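Everything on this sheet refers to the single structure shown next.
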Amino acid sequence: MSAVIEPGHAGHTDHHHDHGHHGPAKGLMRWVLTTNHKDIGTMYLWFSFAMFLIGGSFAMVIRAELFQPGLQIVEPAFFNQMTTMHGLVMVFGAVMPAFVGLANWMIPLMVGAPDMALPRMNNFSFWLLPAAFGLLISTLFTAGGGPNFGWTFYAPLSTTYAPESVTFFIFAIHLMGISSIMGAINVIATILNLRAPGMTLMKMPLFVWTWLITAFLLIAVMPVLAGCVTMMLMDIHFGTSFFSAAGGGDPVLFQHVFWFFGHPEVYIMILPAFGAVSSIIPAFSRKPLFGYTSMVYATASIAFLSFIVWAHHMFVVGIPLVGELFFMYATLLIAVPTGVKVFNWVTTMWQGSLTFETPMLFAVAFVILFTIGGFSGLMLAIAPADFQYHDTYFVVAHFHYVLVPGAIFGIFASAYYWLPKWTGHMYDETLGKLHFWLSFVGMNMAFFPMHFVGLAGMPRRIPDYNLQFADFNMVSSIGAFSFGATQFLFLFIVIKCIRGGKPAPAKPWDGADGLEWTIPSPAPYHTFTTPPEVK
Amino acid sequence: MSEGIATKKLVTRLLLLVVVMFAFGFALVPIYDVMCKAFGINGKTSGQYQGAQQQVDEARQVKVQFMATNAADMVWEFRPVSADLVVHPGAVNEMTFIAQNPTDKPMTAQAIPSVSPSEAAAYFHKTACFCFNQQVLQPGERVEMKVRFIVDRDLPKDVYHLTLGYTLFDITARHAPVAAR
Ligand code: HEM
Ligand SMILES: [Cu+2]
């Protein structure tokens with residue numbers, strides 16, 4: 001198919017069309033009706049940040065309760081709702097929409113497209129999210145309480161023993177799923193069909209590559225999640241027994257279906273961050289990315305392998321020995337392409353002329369801390385050892401190391417890197433660095449001690465604990481509070497940057513590379529209406 | 001406009017993929033059942049055994065232990081008459097379980113069997129079992145329920161000890177006791 005774009009034709013029938021180049025419409029309706037990829041990207045990012053604060057406040061409740069042993073602040077039943085909602089809001093509300101927001105803003109700019117391929121669907125997929133999360137969060141105020149069965153919502157906790165609100169939860173998951181699937185279709189259509197002439201696949205920035213692969217993962221597994229919650233719905237309301245042993249079903253089946261979605265999902269949350277960091281590290285090393293081709297293949301193999309390792313979450317449910325061995329070795333195999341990536345990032349920095357502006361600080365911390373998370377993952381992947389570690393705080397430490405300095409730091413790095421392009425102003429570098437260092441210290445203080453209490457046997461998702469874990473938990477809580485508070489500094493920095501600051505040149509980072517830096521800052525409302533020529 | 005058509009085609013294909021994956025989620029249910037039965041995963045035993053065993057292996061002894069568990073919220077008294085039985089592979093054996101409904105309402109129950117270690121499940125054959133039917137008990141009623149089974153002669157040599165466990169579920173809400181009659 002041809003990637004040639006007729007000048008002035010944006011691949012959609014926008015009713016402002018014949019007015020030519022112009023700014024956005026005025027007032028509130030601009031945001032409700034917009035089909036502009038930059039507006040929609042901005043909305044996704046703000047939505048994600050709001051969810052980050054809400055999900056974060058749930059985490060503060062958890063850490064406040066765990067500050068000391070004993071039950072002080074909340075009822076155990078409410079504590080369960082907090083762990084559940086924290087996980088759900090962070091995964092589906094904060095991390096995933098942030099990446100979709102970055103995709104909306106940057107993919108058209110990076111491939112030289114005038115907009116996303118399906119702008120109206122784009123608007124719809126965004127506006128489903130406030131509805132989904134409004135519904136989900138409102139369940140906390142219902143008489144029976146919100147979902148309390150963990151973000152992994154294992155049956156029969158989420159079926160036979162679920163609170164009434166589970167039906168709203170199921171509907172919310174359906175809405176989020178539809179939103180993600182439409183977002184993914186849009187990304188694939190944009191990347192495959194709207195690239196500027198000369199932008200061959202192997203010339204695309206890695207952020208575009210990793211998002212292309214992520215979008216395929218989304219299309220492959222979000223429908224399975226939808227099937228999973230549909231089966232729950234039928235068990236609860238229509239008398240089927242997919243997951244109920246009493247009717248001949250099997251609760252273990254639930255875990256297979258969930259993790260078939262769940263493991264690829266964890267890569268959905270990290271691959272776009274891999275891509276962003278692969279743009280940022282070369283920019284501040286003033287060297288091209290080392291091993292571009294191997295990065296593409298490594299990403300593809302990680303995505304492929306992510307489909308055959310799901311049962312490493314289920315080592316203790318009683319799978320046969322060959323199963324334990326298969327899933328153990330398959331999981332360990334993922335370390336190989338992941339190692340290739342880390343090697344390439346380090347080699348890109350090797351002998352580069354490094355400077356450490358805020359995006360680079362976050363990116364370097366990403367490489368180091370994500371690797372720590374990868375190592376604890378390898379420990380968990382060893383089936384016999386996992387019998388000890390499973391469902392302890394060690395698992396919590398593992399996935400927070402891959403998700404906080406992994407996904408979240410990747411998002412922060414991207415935000416600082418592209419803020420000058422989005423706003424036309426430079427952000428406050430001193431405050432940015434302060435944000436980094438406070439986040440770095442707070443995050444390590446919160447999550448590192450969890451390795452120790454986990455190895456010593458402290459179970460996760462329980463509001464009380466043995467006295468021996470008291471000191472480490474207090475340290476964790478203090479770290480978590482300071483990490484949480486620091487995020488208001490980020491909000492301040494972003495608002496300050498939007499409202500003013502040193503004007504940003506078209507290319508504020510001298511080592512940066514890519515089409516997005518060829519357009520002025522702030523990026524005009526319409527860009528690349530005539531496709532650029534890529535050599 | 002060629003790019004508009006290309007996009008339409010691509011989107012159609014992607015939507016098809018979405019539908020296929022949604023169906024795949026449901027297909028996991030029978031796939032899982034088949035895998036469990038074929039490999040005896042998860043201690044699942046199959047339905048009524050139709051085959052026959054040539055001979056009894058008098059030389060070999062296997063201890064079969066019995067367990068009866070009530071699922072949450074189930075109030076019946078439910079137990080085997082004896083805790084274990086030493087059997088020879090190939091022989092037909094019988095065990096009796098007692099169930100009693102202590103409430104003042106008629107109730108329906110379903111027992112779900114499971115064999116452990118799970119690799120032995122495929123070698124455990126039931127020729128008759130109360131778990132093939134639902135149990136309906138009137139208030140205070142007490143029944144003796146039989147399971148007749150054969151341990152396969154091909155049971156792996158390193159298995160000396162089997163556990164047959166039943167979990168009893170209250171399914172009154174789903175199968176009203178009167179209607180079930
Ligand atoms: C080398 C790569 C990785 C390996 C070998 C690995 C391995 C594992 C294993 C074996 C578990 C199960 C532990 C248990 O429940 O006992 C686990 C849990 C988890 N991992 Fe990883 N992992 C890796 C990377 C990642 C990445 C990149 C992410 C996300 C960005 C991630 C997110 C999670 C999450 C969220 C859980 C916990 C799920 C839950 O039970 O709530 N992991 N990992
Ligand atoms: Cu996993």
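Bear in mind the structure is a predicted one, so any value in this text is a computation, not a measurement. Order of the sequence lines sets the chain letters (A, B, ...), proteins ahead of strands, with each chain counted from 1.
- For a residue to count as touching a neighbouring chain, one of its non-hydrogen atoms must lie under 4.5 Å from one of that chain's; by this rule Ile181(A) touches chain B with the side chain only.
- Between chain B and the options Val221(A), Ile219(A), Asn186(A), the largest number of non-hydrogen pairs under 4.5 Å is found for Ile219(A).
- Under the 30°/60° scheme for interplanar angles, the aromatic rings of Phe97(B) and Phe66(B) are found to stand perpendicular.
- Ranked by non-hydrogen atom pairs under 4.5 Å with chain B, the options Gly239(A), Ala220(A), Ala189(A), Ala184(A) are led by Ala220(A).
- Only the side chain of Phe216(A) comes within contact range of chain B, judged by heavy atoms closer than 4.5 Å.
- No close placement of the Phe242(A) and Phe254(A) rings is indicated, their centers lying 6.0 Å or farther apart.
- The number of heavy-atom neighbours closer than 6.0 Å to CE of Met145(B), taken from other residues, nucleotides and ligands shown, is above 12.
- Residue contact with chain A, scored on non-hydrogen atoms closer than 4.5 Å, involves the backbone and the side chain of Phe26(B) alike.
- Here Phe153(A) and Phe258(A) bring their ring centres to under 6.0 angstrom of each other.
- Aromatic ring centres of Phe149(B) and Phe124(B): separated by under 6.0 Å.
- Within the 4.5 angstrom heavy-atom criterion, no atom of Leu225(A) approaches chain B.
- In this structure, no portion of Thr190(A) lies under 4.5 Å from any heavy atom of chain B.
- Between Trp310(A) and Phe260(A), the ring-plane angle classifies as perpendicular under the 30° and 60° cut-offs.
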